[in-house]
Amino acid sequence: MNAAMAEEKVLNLYSARHYQTDEALYSNFTQQTGIKINRIEGKEDELLERLKNEGANSPADIFLTVDAARLAKAHELGLFAPVASKTLETRIPSHLRTDDWFAFSTRARVIVFNKTQLKAEDVQNYADLANPKLKGKLCSRSGSHPYNLSLMASIIAHQGEAKAEEVARGMVANFARAPKGGDTDQIKSVAAGECGVTISNTYYVARLLRSTKPEETKLMEKVGIVWPDQNGNGAHINVSGGGMLKNAPNKAAAVKFLEYLASDQAQRYFADGNNEWPVVESVKIANPALESLGKFKADKLPIKNLAMYQAKAQIIFDRAGFK
Ligand SMILES: [Fe+2]
């Protein structure tokens with residue numbers, strides 16, 4: 001076997017995704033290409049740290065993670081290598097890719113409200129969460145979490161820093177309690193009436209809607225879901241994605257793998273596994289929970305812009321006391 005052929009046969013993947021359905025995603029790739037995948041799973045920030053420390057000696061070919069801010073961080077650290085691929089260029093819309101990292105699924109940040117405390121009309125836009133009418137009603141996860149930082153970054157990108165800070169301050173003034181827990185905890189608190197409203201990523205909402213636990217289905221009857229900013233820029237979108245690493249020992253296999261992730265089959269696995277949407281627009285998914293949320297207008301802001309305003313978003317949250 002010559003070196004080029006040997007290079008094709010293995011792919012080292014660092015992944016912050018940890019969904020059971022991803023097993024099928026990877027075994028299909030091996031079946032199709034004969035390339036074996038060595039997978040290392042870890043927490044998002046740990047893997048990033050590991051890649052940084054391994055430097056030029058890293059065995060990793062591909063880094064997969066969630067949130068545009070983390071992908072952009074990997075880019076800033078110079079970890080990714082540019083990939084020129086017609087397949088990726090034609091399959092993935094331009095606002096969902098960069099030169100060296102690509103989104104493979106999308107999630108939106110929606111408003112979840114308690115139906116006995118509020119009406120959908122009260123919370124149509126992210127900025128409505130700053131309305132003094134909602135005093136004592138808003139629950140949120142931490143302001144330093146990437147999901148909230150990316151949302152704030154999109155508000156800065158669209159409406160400028162001053163408006164973004166006004167929204168952040170208004171939200172803090174409306175807090176029912178200090179930020180704590182994850183998105184699912186907020187939804188549960190809203191359903192229980194401890195808070196009137198929160199924001200959540202769509203896959204957490206879909207996961208509860210699809211739950212086989214009766215107490216969770218009951219919970220979801222108490223809440224309403226709003227697609228925010230539908231008369232403006234559209235609902236804030238974040239992504240999961242990845243790229244080929246600069247020091248990848250198996251570059252040909254890495255490009256093949258990225259192209260595979262944009263295939264119809266992989267797109268369905270990628271999205272359904274975590275109740276997300278495929279980035280390839282022609283791909284149809286069969287996910288009753290996502291369908292029940294209805295059609296919506298998604299923000300078309302290029303995902304790399306979220307990263308651009310990330311540091312500003314943190315400064316604004318800090319100034320506003322959004323901990
Ligand atoms: Fe999440």
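It should be emphasised that the depicted structure is a prediction, and the values quoted were computed from it without experimental measurement.
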Query raised in the report: Passes salt bridge (charged side-chain N to carboxylate O under 4.0 Å, His left out), Lys86 versus Glu89? Steps please.
Result: CA-CA 5 Å; Lys86 275 273 161 278; Glu89 265 174 46; 3.4 Å; yes
Report task. Would you check, one step at a time, whether the test side chain to side chain contact (heavy atoms under 4.5 Å, CB included) holds for Asn247 with Leu79? Result -> CA-CA 8 Å; Asn247 297 310; Leu79 297 174; over 6 Å; no
Report task. Could you give me the CA-CA distance, side-chain angles and deciding distance for Asp299 and His158, then say whether side-chain hydrogen bond (donor to acceptor under 3.5 Å, both in side chains) is met? Result -> CA-CA 10 Å; Asp299 190 354; His158 287 308; 2.8 Å; yes
**Report entry** Glu41 vs Ser15, side-chain hydrogen bond (donor to acceptor under 3.5 Å, both in side chains): CA-CA, chis, key distance, verdict
**Finding:** CA-CA 5 Å; Glu41 290 189 343; Ser15 173; 4.9 Å; no
Query - Check against salt bridge (charged side-chain N to carboxylate O under 4.0 Å, His left out), Lys163 and Glu166 - result: CA-CA 5 Å; Lys163 175 68 183 174; Glu166 189 189 307; 3.7 Å; yes
Report task. Assess whether side chain to side chain contact (heavy atoms under 4.5 Å, CB included) is satisfied between Glu165 and Arg319, documenting all intermediate values. Result -> CA-CA 8 Å; Glu165 182 156 349; Arg319 270 206 302 253; 2.7 Å; yes
Report task. Dump the intermediate steps for side chain to side chain contact (heavy atoms under 4.5 Å, CB included) on Asn53 and Glu49, then the final yes or no. Result -> CA-CA 6 Å; Asn53 293 336; Glu49 204 50 35; 4.2 Å; yes
Requested in this report: Check step by step if side chain to side chain contact (heavy atoms under 4.5 Å, CB included) holds for Ile225 and Ile111.
Outcome: CA-CA 6 Å; Ile225 314 292; Ile111 294 174; over 6 Å; no
**Report entry** From CA spacing to verdict: salt bridge (charged side-chain N to carboxylate O under 4.0 Å, His left out), Arg207, Glu216
**Finding:** CA-CA 10 Å; Arg207 197 181 293 168; Glu216 290 189 336; over 6 Å; no
Report task. Apply salt bridge (charged side-chain N to carboxylate O under 4.0 Å, His left out) to the pair Asp185 and Lys180, showing each step before the final yes or no. Result -> CA-CA 8 Å; Asp185 300 310; Lys180 62 168 183 185; over 6 Å; no
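Side-chain atoms of Gln310 come within 3.5 Å of backbone N or O of Leu306 as a donor-acceptor pair. Of the possible donor and acceptor atoms, one in the side chain of Arg91 sits under 3.5 Å from a partner among the backbone N and O of Ala262. A donor-acceptor contact shorter than 3.5 Å is absent between the side chain of Lys323 and the backbone of Phe317. Distance alone, capped at 3.5 Å, places no donor-acceptor pair between the Glu259 side chain and the Ser85 backbone. Under a 3.5 Å cut-off, the side chain of Asn125 and the backbone N or O of Ala127 do not form any donor-acceptor pair. In this structure a side-chain-to-backbone donor-acceptor pair under 3.5 Å is present from Asn131 to Lys133. Between the Tyr126 side chain and the His236 main chain, a donor and an acceptor come within less than 3.5 Å of each other. Not a single donor-acceptor pair under 3.5 Å links the side chain of Asn38 to the backbone N or O of Asn12. The main-chain N or O of Leu25 is never found under 3.5 Å from a side-chain atom of Asn28 such that the two would form a donor-acceptor pair. Although no hydrogens or angles enter the test, the distance criterion places a donor-acceptor pair under 3.5 Å between the side chain of Asn114 and the main chain of Gln117.
The ring of Phe296 has its center closer than 6.0 angstrom to the ring center of Trp277. Proximity of the aromatic rings of Tyr14 and Phe63 is defined here by a centroid distance below 6.0 angstrom, and this criterion is not met.
Inter-residue side-chain proximity for Gln186 and Cys195 is flagged as unmet; no heavy-atom pair is nearer than 4.5 Å. Taking 4.5 Å as the limit, some side-chain heavy atom of Ile40 sits within range of a side-chain heavy atom of Arg50. Residues Met244 and Phe80 have side chains not in contact (no heavy-atom distance under 4.5 Å, counting atoms from C-beta outward). The shortest side-chain heavy-atom distance between Leu118 and Leu134 falls under the 4.5 Å cut-off. Between Thr30 and Ser27, the closest side-chain pair of non-hydrogen atoms is not below 4.5 Å. Using a 4.5 Å heavy-atom threshold, the side chains of Ile199 and Asn148 count as touching. Contact annotation: the side chain of Asn238 approaches that of Ser150 to within less than 4.5 Å [non-hydrogen atoms, C-beta and beyond]. For the pair His95 and Val279, the minimum side-chain heavy-atom distance is 4.5 Å or more.
Of the inter-residue distances, the one linking Phe175 atom CZ with Lys135 atom NZ reads 11.5 Å to the nearest 0.5 angstrom. The line from CD of Glu215 to CG of Leu208 is 10.5 Å long, rounded to the nearest 0.5 Å. In this structure, CZ in Phe102 is found 5.0 Å from CG in Leu88, a value given to the nearest 0.5 Å. Atom CD1 of Ile155 and atom NZ of Lys312 lie 15.0 Å apart (nearest 0.5 Å). Interatomic distance, Leu64 CG to Phe270 CZ, rounded to the nearest 0.5 Å: 5.5 Å. In this structure, OG in Ser263 is found 6.0 Å from CD in Gln32, a value given to the nearest 0.5 Å.
Ile156 and Ile315 fall into different hydrophobic clusters, where Ile, Leu, Val, Met, Phe, Trp and Tyr residues are linked whenever their side-chain heavy atoms come under 4.5 Å apart, directly or through other members. Transitive grouping of hydrophobic side chains (ILVMFWY, heavy atoms separated by less than 4.5 Å) brings Leu151 and Leu138 into a common cluster. Transitive grouping of hydrophobic side chains (ILVMFWY, heavy atoms separated by less than 4.5 Å) keeps Leu149 and Val239 in distinct clusters. The cluster map of Ile, Leu, Val, Met, Phe, Trp and Tyr, joined by side-chain heavy atoms under 4.5 Å apart, puts Leu209 and Val197 in different clusters. Cluster membership for Val110 and Phe113, using ILVMFWY side-chain heavy atoms within less than 4.5 angstrom, is not shared.
Looking only at atom types and distance, the side chain of Arg141 has no donor-acceptor partner in the side chain of Ser200 under 3.5 Å away. Counting only N and O atoms by type, the side chains of Ser240 and Ser105 include a donor and acceptor under 3.5 Å apart. Side-chain contact annotation: Gln314 with Asp318, donor-acceptor N/O pair under 3.5 Å present.
In this structure, Lys43 places its NZ atom where only 12 or fewer heavy-atom neighbours from other residues, nucleotides or ligands lie under 6.0 Å away.
Heavy atoms only, all atoms of each residue included: Ile237 and Ala108 are closest at CD1-CB, 3.8 Å. Lys256 approaches Thr33 most closely through the heavy-atom pair CD-CG2, 4.4 Å. Contact between Trp227 and Ala235 at its shortest, heavy atoms only, is CE3-CB, 4.1 Å. Of all heavy-atom pairs spanning Ile316 and Ala168, the tightest one is CG2-CB, 3.9 Å.
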Side-chain donor-acceptor distances from residues 280-289 under 3.5 Å, at least two apart:
unit_1	atom_1	unit_2	atom_2	d
Asn287	OD1	Ala289	N	3.2
Asn287	OD1	Leu290	N	3.1
Asn287	ND2	Asn275	OD1	2.8

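Note on ring orientation: taking the six-membered ring where Trp is involved, the planes of Tyr147 and Tyr203 are perpendicular (angle over 60°, cut-offs 30° and 60°).
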